[in-house]
Amino acid sequence: EYQTKMIPDIKMWGVLISSCLEGNLIREALEVLEEMFSKKVEPNHFIWSSLLTLCANANAFDTGKQIETMIPESYSKNPTIVSNLIYLYGKCGGISGAYQVFGKFLNLPAARSAMIKVCALHNQSEEAMRHFTSMKKKKMKPDASTYVDLLTVCANCRNLESGKLVH
């Protein structure tokens with residue numbers, strides 16, 4: 001009988017981590033990460049980003065900070081990782097923690113967008129608008145989700161004037 005042993009590639013590991021993210025299964029995701037390390041497979045930026053998002057969604061701040069220390073320097077300025085790191089700090093550690101991370105990446109559009117999302121989480125429409133205005137002045141192009149976050153925070157705070165400026 002012929003048997004093959006399937007050797008997972010980085011995409012398959014990514015699918016496993018994504019499945020954990022979809023199911024909010026933090027313990028299982030960490031087990032997958034451990035297995036990757038045991039097989040000498042280096043996670044890519046997608047996997048690191050997914051793990052940070054999972055920690056934020058599960059309010060697992062300490063685990064997220066631990067994962068942050070594991071991310072290689074080569075990924076430290078990846079926009080998706082920076083964005084998810086700011087979101088983790090903003091959702092679980094408070095807005096001041098998010099600003100500490102943000103301070104290292106002021107000129108990265110993804111960082112500004114992440115801060116707008118954090119401001120939306122904390123119903124700070126004026127602060128979100130300040131970031132939006134700064135993006136425009138610096139010729140940074142907000143993505144669709146940034147506009148959604150801006151309009152959401154303006155609606156939640158009943159800040160019609162700011163909402164009109166976004167629209």
Side-chain angles (χ1 to χ4, degrees), residues 5-124 127-128 131-132 134-135 140-150 152-153 156:
K5 186 172 181 179
M6 195 170 187
I7 301 171
D9 65 0
I10 195 69
K11 290 176 189 170
M12 291 176 71
W13 290 109
V15 168
L16 286 171
I17 295 287
S18 288
S19 297
C20 293
L21 176 61
E22 290 299 315
N24 211 24
L25 305 170
I26 194 161
R27 185 174 42 82
E28 291 81 352
L30 294 174
E31 288 171 5
V32 171
L33 182 63
E34 209 172 283
E35 173 110 5
M36 288 178 73
F37 286 144
S38 76
K39 297 195 180 302
K40 309 279 191 255
V41 177
E42 183 64 37
N44 61 16
H45 74 281
F46 173 79
I47 291 171
W48 289 120
S49 296
S50 295
L51 288 166
L52 291 170
T53 300
L54 178 58
C55 291
N57 292 345
N59 287 316
F61 190 45
D62 289 338
T63 303
K65 289 193 300 187
Q66 183 180 5
I67 287 171
E68 176 188 7
T69 65
M70 302 162 111
I71 298 172
E73 181 67 29
S74 60
Y75 291 129
S76 67
K77 292 182 181 168
N78 176 282
T80 308
I81 290 176
V82 168
S83 176
N84 288 326
L85 194 57
I86 290 170
Y87 179 66
L88 169 74
Y89 273 78
K91 185 169 188 285
C92 302
I95 200 161
S96 62
Y99 271 110
Q100 286 180 334
V101 177
F102 171 71
K104 301 172 190 169
F105 304 101
L106 293 172
N107 295 319
L108 192 62
R112 288 246 178 232
S113 292
M115 278 311 302
I116 289 170
K117 183 174 189 157
V118 168
C119 290
L121 282 173
H122 293 278
N123 287 324
Q124 295 188 0
E127 195 66 14
H131 287 292
F132 179 66
S134 179
M135 285 182 86
M140 295 177 178
K141 188 173 183 205
D143 61 14
S145 66
T146 302
Y147 283 106
V148 170
D149 291 332
L150 278 165
T152 300
V153 72
N156 289 346

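Quick caveat: nothing in here was measured; it's all calculated off a predicted structure.
Applying the salt bridge (Lys or Arg N to Asp or Glu O under 4.0 Å) test to residues at least two apart or on different chains, the pairs with a partner in residues 34-52 are E35-K39. Applying the salt bridge (Lys or Arg N to Asp or Glu O under 4.0 Å) test to pairs two or more places apart or on separate chains, none has a residue in residues 100-123. Among residue pairs with one or both ends in residues 8-31, none qualify as ring-ring contact (aromatic ring centres under 6.0 Å, His included); sequence neighbours excluded. Within the structure, every pair that satisfies the salt bridge (Lys or Arg N to Asp or Glu O under 4.0 Å) test and touches residues 20-30, not counting sequence neighbours, is listed here: R27-E31. Each side chain to side chain donor-acceptor pair (under 3.5 Å) pair with one or both residues in residues 84-94, not counting sequence neighbours, appears once here: T53-N84, N59-K91, E68-Y89.
Contact detail for C55 and I26: the closest heavy-atom pair is SG-CD1, 3.7 Å. Taking every heavy atom of both residues into account, C119 and E127 meet most closely at SG-CG, 3.6 Å. The minimum heavy-atom distance linking A128 with L150 is given by the pair O-CD2, 3.7 Å. Closest heavy-atom contact between P43 and W48: O-NE1, 3.3 Å. Shown here for S50 and S18, the closest heavy-atom pair between the two residues is OG-OG, 4.4 Å. Residues A60 and C92 approach most closely at N-SG, 4.3 Å, considering heavy atoms.
The aromatic rings of F132 and Y147 sit perpendicular, their planes meeting at an angle over 60°, well past the 30° parallel limit. A perpendicular orientation is assigned to the rings of H131 and F102, their planes being inclined by more than 60° (bins at 30° and 60°).
Between atom CG of residue L21 and atom CG of residue L52 there is a gap of 11.0 Å, rounded to the nearest 0.5 Å. Residue I17 holds its CD1 atom at 11.5 Å from OG of S49, rounded to the nearest 0.5 Å. Rounded to the nearest 0.5 angstrom, I67 CD1 and L30 CG are separated by 5.0 Å. One distance of note links CE of M36 with CE of M12; it measures 12.0 Å at 0.5 Å rounding. Within the model, atoms CG of L54 and CD1 of I47 stand 13.0 Å from one another, a figure rounded to the nearest 0.5 Å. Between the OG atom in S76 and the CD1 atom in I71 there is a gap of 9.0 Å [rounded to 0.5 Å].
A search for side-chain hydrogen bond (donor to acceptor under 3.5 Å, both in side chains) contacts involving S113 returns T146, not counting sequence neighbours.
With L85 as the partner, the side chain to side chain contact (heavy atoms under 4.5 Å, CB included) test is satisfied by one option alone out of N78, V101, T80: V101.
There is no side-chain donor-acceptor pair under 3.5 Å between Q66 and T63.
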TODO: Any chance you could lay out the side-chain contact (heavy atoms from CB on, under 4.5 Å) test for N44 and Y75, step after step, and finish with the verdict?
DONE: CA-CA 8 Å; N44 61 16; Y75 291 129; 3.9 Å; yes

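Side chains of V15 and K11 form no contact here, defined as non-hydrogen atoms less than 4.5 Å apart. Using a 4.5 Å cut-off on side-chain heavy atoms (C-beta onward), Q124 and V153 make no contact. Between M70 and L51 the shortest side-chain heavy-atom distance does not fall below 4.5 Å.
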